[in-house]
Amino acid sequence: NAGVTQTPKFRILKIGQSMTLQCAQDMNHNYMYWYRQDPGMGLKLIYYSVGAGITDKGEVPNGYNVSRSTTEDFPLRLELAAPSQTSVYFCASRQGFEKLFFGSGTQLSVL
Amino acid sequence: RKEVEQDPGPFNVPEGATVAFNCTYSNSASQSFFWYRQDCRKEPKLLMSVYSSGNEDGRFTAQLNRASQYISLLIRDSKLSDSATYLCVVNGNDMRFGAGTRLTVKP
């Protein structure tokens, strides 16, 4: 009964470091999404995928990369972390045009 | 123009009040619409889907106006526990969120 699993829950990075935020879903959903949420703001779409092997940019893709080699996994890569990437990151998935299922989020601080 | 726009509020209302939120969208090809609730920057949780004919779930009523490209959420008899941020979501292949409307219900 896992749903959408995000790891890690918290992370502190130094400027210029790299890291990968992991996201996995066990519901066989075709669509997966990465959002970021800055304090007091709404969710902004970073990247999304409509199926394995297919990814598309969202509203704020700069500084991030994604891959979708399997249906289950949709990792988000930060290559050169910057303070502007300090945010809460949410991964989500859905099937067809149904509701989104969210992971519990990753709090990332870049110092 | 942003794809999805919401009045950010905040809305501060007394218990028992009726409050309404609107959300406008720019993509006329959008196919599905939702209202989510978010507490204290936890993950958003689905409040209700929005159907063309309008739909109701207890104290909550959602409506869609395709001609004017907006959706609305009406909360009747507000409770303290309704205090949260309400997010509208408009769907093509991507799922775009509005900025959220902060609601505080006071005793």
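Computed from a predicted structure; not experimentally measured. Per chain, numbering begins at 1; letters A, B, ... match sequence-line order.
Listed options G103(A), A92(A), S49(A), G40(A) were ranked by heavy-atom pairs under 4.5 angstrom with chain B; first place goes to G103(A). The candidate from P44(B), G100(B), G98(B) with the greatest count of non-hydrogen atom pairs under 4.5 Å with chain A is P44(B). For the options E98(A), Q107(A), Q37(A), heavy-atom pairs under 4.5 Å to chain B are most numerous at Q37(A). Between chain A and the residues R96(B), Q31(B), R102(B), the largest count of heavy-atom pairs under 4.5 Å involves R96(B).
Only the side chain of Q38(B) comes within less than 4.5 Å of a heavy atom in chain A; its backbone stays farther off. If you measure heavy-atom distances from L43(A) to chain B, the contacts under 4.5 Å come from both the backbone and the side chain. Heavy-atom distances place no part of N30(A) under 4.5 Å from chain B, backbone and side chain included. Looking at D94(B), the atoms closer than 4.5 Å to chain A (heavy atoms on both sides) sit in the backbone and in the side chain alike. If you measure heavy-atom distances from V88(A) to chain B, the contacts under 4.5 Å come from both the backbone and the side chain. If you measure heavy-atom distances from S49(B) to chain A, you find no contacts under 4.5 Å at all.
R76(B) and T18(B) form no side-chain donor-acceptor contact under 3.5 Å, judged by distance and modelled atom types alone.
No continuous path of hydrophobic side-chain contacts links L74(B) to F34(B) [ILVMFWY only; heavy atoms under 4.5 Å].
The two residues M95(B) and Y35(A) have their closest heavy-atom pair at O-OH, 2.6 Å.
Taking CZ of R36(A) as the start and CG of D38(A) as the end, the distance is 4.0 Å to the nearest 0.5 Å.
Between F102(A) and F97(B), the ring planes lie perpendicular to each other; the angle is over 60°, past the 30° to 60° tilted range.
Applying the disulfide bond (SG atoms under 2.5 Å apart) definition to pairs two or more places apart or across chains, none involves residues 35-69 of chain B. Listed by first and then second residue, the disulfide bond (SG atoms under 2.5 Å apart) pairs involving residues 68-107 of chain B are C23(B)-C88(B) (not counting sequence neighbours).
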